[in-house]
Structures are given as C-alpha cells and as structure tokens.
**Student:** 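Would you mind keeping the following structure in view while I ask a few things?
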Amino acid sequence: MQACASGYLTPVALLNRSGRELVLGMYWDFAAKQWRNPEGVEFGALHAVSIAVVDWDDDGDTDLVAGTADGEVWRWTNWGTSKKPAFAERAEELVVGGERLAIRSGHAMPVIADWDQDGRFDIVLGGDDGEVSWARNVGRAGRPEFAPLSVLIASADGERGRSRRNASVEVADLNGDGRVDLLVGDQDHEEVVEGRTAEQDARYAELRNRFETWAEVRRVLASGDEPAKGALGDARVGEYRAYLEELRGLTPKRRSLNGVWFYARELAAGR
C-alpha cells in the first residue's frame, strides 16, 4: 500500500474467509427499481448504514457489528487475526429473548459502549425516528448476551429543542464527572412545498397512507426468492412501480437540518 496525500494508507476492502470483499447487505438497483443482493452474496437484509467494532468473542481480534436500513443488528465474526482479519461469509442476526434485535423505526446506528459501567460492553442504538435505545449485556466475556432494548431517549416526534431524526450516537464521559454521557448527531429534514395545488397535497397524503399496504411486495422484491417474485405477476409489480413513481413525483423538496446534542447523565437518586 502507498500513502495518500491525507497521510493515510490507500484504503483496501475487507475480505471474508473465501477472499471475497465483505458486502454489507443489498443494494438498490435503479434500473430494476428493487433491492438486490450482489451476485454470490446472500446477506438477507437491507444494506448496513453503520458499523461498530468490538472483540465480540474475546479472542483478541476485531469483529464487526452492523446496523441495517430496516433497523436490524447483525454481527460478522472475524476468524482471522487482528493483523490479518478474515470475516465469516455470512453475518449472524443478533437475537434477544428469541427475537431479532431490531429497532422499529429503521436506520439502526449501533455503538459499542459500557453504558452501565459494569465492565461489560453493551449496544447503544440510534434510529431513524430519533429514539436512542440500550441493550444491556448480561452475559460474560466471550459469551455476550443481551437484555431487551431499553429506551434512553424517546423518539423525537417533531419536538424542537432536542435531537431528532437519524440519531447517530457516541458514549463518553464528556464532562469529567465519572459517568458516561450521550453525544447525539442528527439529520432531520424540513419539507419545502412550492407550487403544489390542494389536490396534489391531498393525493400525496393519500399515497403516503397507502405505503404500508405495499409492505409484502417490497419484501418479496427485496428478497432473493425468484419464485415468489414471479408469483407477484407483472401487473402487480407494475402497479407498485407506478405507485412509487407517482409518490416520488409528489414528494416535497426537503431542506436538511443537522445538529449535535449533548445529553449529560443525571446523578442517580441518593448519590
């Protein structure tokens, strides 16, 4: 590798044990207007939007924890070494109480941190709606297990004066009082409606209300299940794509609003 002008070495792709590039989920095929797995890759979920690193199994190397666009959390085991990583061919879903570890809003942004400061790493998750959640590690070194998610910061729900959508979290003792705090970056949007008629506003609202009725079609088109895709039929798929095209045409322009917020940890009662 050669040094870049920035002072870093030339970036290289992470590889799995088979020598293939590590692919973190599906990609959007603009021509076909659907989610696809890259050839030869079966991730099983939408693309990852954030990666955290941790020695998950306490074997001296670095494993990966990924949050996906649809809110799930997955793990890639490193079967190599810290100097020469070789990741598993498939990621594993994280499971809590027999259910997948996931946030309802989507856009899972995990960070690995010891939130309760008990010496074990936990998972803190930011999400699309601004909610920040915590999965407490109740396992042991090399065998982490997690309690169901607890809410640290409730969803924004349009509230001003606080972090809002697309929460990206960091955990650290920022004020030096011995307790870890939250630093939350957000990316919200403000709709800017220009030149739309009342009829167009009403039609946009109607289309948005019908979004969830297409959930099963979206799921099938995003899967690798070719027979299921064929069973949808050209007419049904064409109807869905026409719906998406009309929705995009009526979607208001958006202005990005970004911020960074500091949530200091309160002193526990009686201390």
Side-chain angles (χ1 to χ4, degrees), residues 11-17 20-27 37 41-129 131-153 166-172 180 182-185:
V12 296
L14 294 178
L15 305 179
N16 64 24
R17 286 184 295 180
R20 300 192 61 164
E21 291 185 4
L22 202 62
V23 178
L24 309 184
M26 299 177 180
Y27 69 95
N37 275 310
V41 175
E42 290 294 334
F43 178 70
L46 298 188
H47 64 284
V49 293
S50 184
I51 296 291
V53 297
V54 62
D55 184 359
W56 185 271
D57 44 13
D58 199 32
D59 64 352
D61 58 35
T62 300
D63 309 296
L64 302 179
V65 174
T68 68
D70 51 6
E72 297 176 352
V73 184
W74 296 66
R75 171 174 62 92
W76 268 273
T77 300
N78 180 5
W79 294 109
T81 66
S82 58
K83 293 185 177 180
K84 191 175 181 180
F87 293 94
E89 287 81 0
R90 272 191 68 89
E92 301 173 54
E93 293 175 289
L94 297 192
V95 176
V96 172
E99 297 185 358
R100 290 178 299 177
L101 179 60
I103 52 175
R104 63 181 182 274
S105 66
H107 204 82
M109 304 280 281
V111 63
I112 303 299
D114 183 3
W115 177 251
D116 56 358
Q117 297 178 272
D118 66 351
R120 294 171 292 195
F121 69 82
D122 307 308
I123 300 176
V124 179
L125 283 168
D128 182 64
D129 63 358
E131 184 172 287
V132 177
S133 303
W134 164 49
R136 183 179 182 232
N137 186 351
V138 294
R140 56 183 173 81
R143 295 290 299 274
E145 296 180 17
F146 295 90
L149 289 172
S150 300
V151 175
L152 299 179
I153 300 176
N166 293 324
S168 179
V169 186
E170 188 53 77
V171 176
V180 291
L182 289 177
L183 191 66
V184 181

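Everything quoted here is computed from the prediction, not taken from an experiment.
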**Student:** Under the side chain to side chain contact (heavy atoms under 4.5 Å, CB included) rule, what do V111 and E170 come out as? Steps first, then yes or no, please.
**Tutor:** CA-CA 7 Å; V111 63; E170 188 53 77; 3.8 Å; yes
**Student:** OG/S50 to CG/N166 distance, rounded to the nearest 0.5 angstrom?
**Tutor:** 11.5 Å
**Student:** Any side-chain heavy atom of L64 within less than 4.5 Å of one from L22?
**Tutor:**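 The answer is yes; the side chains approach within 4.5 Å.
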**Student:** Please round to the nearest 0.5 Å and tell me the distance separating atom CG of D58 and atom CZ of F121.
**Tutor:** 8.5 Å
**Student:** Rounded to the nearest 0.5 Å, what's the gap from CZ on R140 to CD on E145? Could you check?
**Tutor:**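 Nearest 0.5 Å value for the CZ-CD distance: 8.5 Å.
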**Student:** Please enumerate all residues that pass salt bridge (Lys or Arg N to Asp or Glu O under 4.0 Å) together with D57, with sequence neighbours excluded.
**Tutor:**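 Result, salt bridge (Lys or Arg N to Asp or Glu O under 4.0 Å) vs D57: none returned.
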**Student:** Quick one: pull up CD1 in I153 and CG in L182 and give me the separation to the nearest 0.5 Å.
**Tutor:**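 Answer for the CD1-CG pair, I153 versus L182, is 5.0 Å.
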**Student:** Please confirm whether F146 and W115 have ring centers closer than 6.0 angstrom.
**Tutor:**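 Not close enough - the centres of the two rings lie 6.0 Å or further apart.
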**Student:** Quick check: do R136 and R120 have side-chain heavy atoms less than 4.5 Å from each other?
**Tutor:** yes
**Student:** How close do G60 and S82 get, counting heavy atoms only, and between which atoms?
**Tutor:** O-CB, 3.8 Å
**Student:** Where is the tightest heavy-atom contact between P110 and I123, given as atom of each residue plus distance?
**Tutor:** CB-CG2, 4.2 Å
**Student:** Between I103 and G126, which heavy-atom pair has the shortest distance, and what is it?
**Tutor:** CD1-O, 3.5 Å
**Student:** Indicate the atoms forming the closest heavy-atom contact of D63 with F87, along with that distance.
**Tutor:** CA-CE2, 4.3 Å
**Student:** Restricting to non-hydrogen atoms, name the atom on W76 and the atom on A88 that form the minimum distance, rounded to 0.1 Å.
**Tutor:** CD1-O, 3.5 Å
**Student:** For residues R75 and L94, report the shortest heavy-atom separation together with the two atoms involved.
**Tutor:**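 Scanning both residues completely, I find the closest heavy atoms to be CB-CD2, 3.8 Å.
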**Student:** Pair D55, D61 - check side chain to side chain contact (heavy atoms under 4.5 Å, CB included), show working.
**Tutor:** CA-CA 6 Å; D55 184 359; D61 58 35; 4.2 Å; yes
**Student:** Is a side-chain N or O of D114 found less than 3.5 angstrom from the main chain of G119, in a donor-acceptor match?
**Tutor:**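 Yes, the answer is positive, given that a donor and an acceptor are paired below the 3.5 Å cut-off.
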**Student:** Holding to salt bridge (Lys or Arg N to Asp or Glu O under 4.0 Å), I want the full list of residues that pass it with R100, two or more places apart in sequence or in another chain.
**Tutor:** E72, E93
**Student:** Let me see the working for I112 and V53 under side chain to side chain contact (heavy atoms under 4.5 Å, CB included), right down to the final yes or no.
**Tutor:** CA-CA 7 Å; I112 303 299; V53 297; over 6 Å; no
**Student:** Given side chains that start at C-beta, do those of V132 and V151 come closer than 4.5 Å, heavy atoms only?
**Tutor:** no
**Student:** Could you grab the distance from atom CE of M109 to atom CG of D128, nearest 0.5 Å is fine?
**Tutor:**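 The CG atom of D128 is 10.5 Å from CE of M109, to the nearest 0.5 Å.
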**Student:** So, taking the atom named CG in D59 and the one named OG1 in T81, what distance separates them when rounded to the nearest 0.5 Å?
**Tutor:**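 Result: 10.0 Å between the selected atoms.
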**Student:** Is there a donor-acceptor pair under 3.5 Å between the side chain of N78 and the backbone N or O of A86?
**Tutor:** yes
**Student:** Could I get the full list of side-chain hydrogen bond (donor to acceptor under 3.5 Å, both in side chains) partners for D129, not counting sequence neighbours?
**Tutor:**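 Applying side-chain hydrogen bond (donor to acceptor under 3.5 Å, both in side chains) to D129 gives S105.
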**Student:** Could you go through V96 and L149, starting from their C-alpha distance and side-chain angles, then the distance that decides it, and tell me whether this counts as side chain to side chain contact (heavy atoms under 4.5 Å, CB included)?
**Tutor:** CA-CA 9 Å; V96 172; L149 289 172; over 6 Å; no
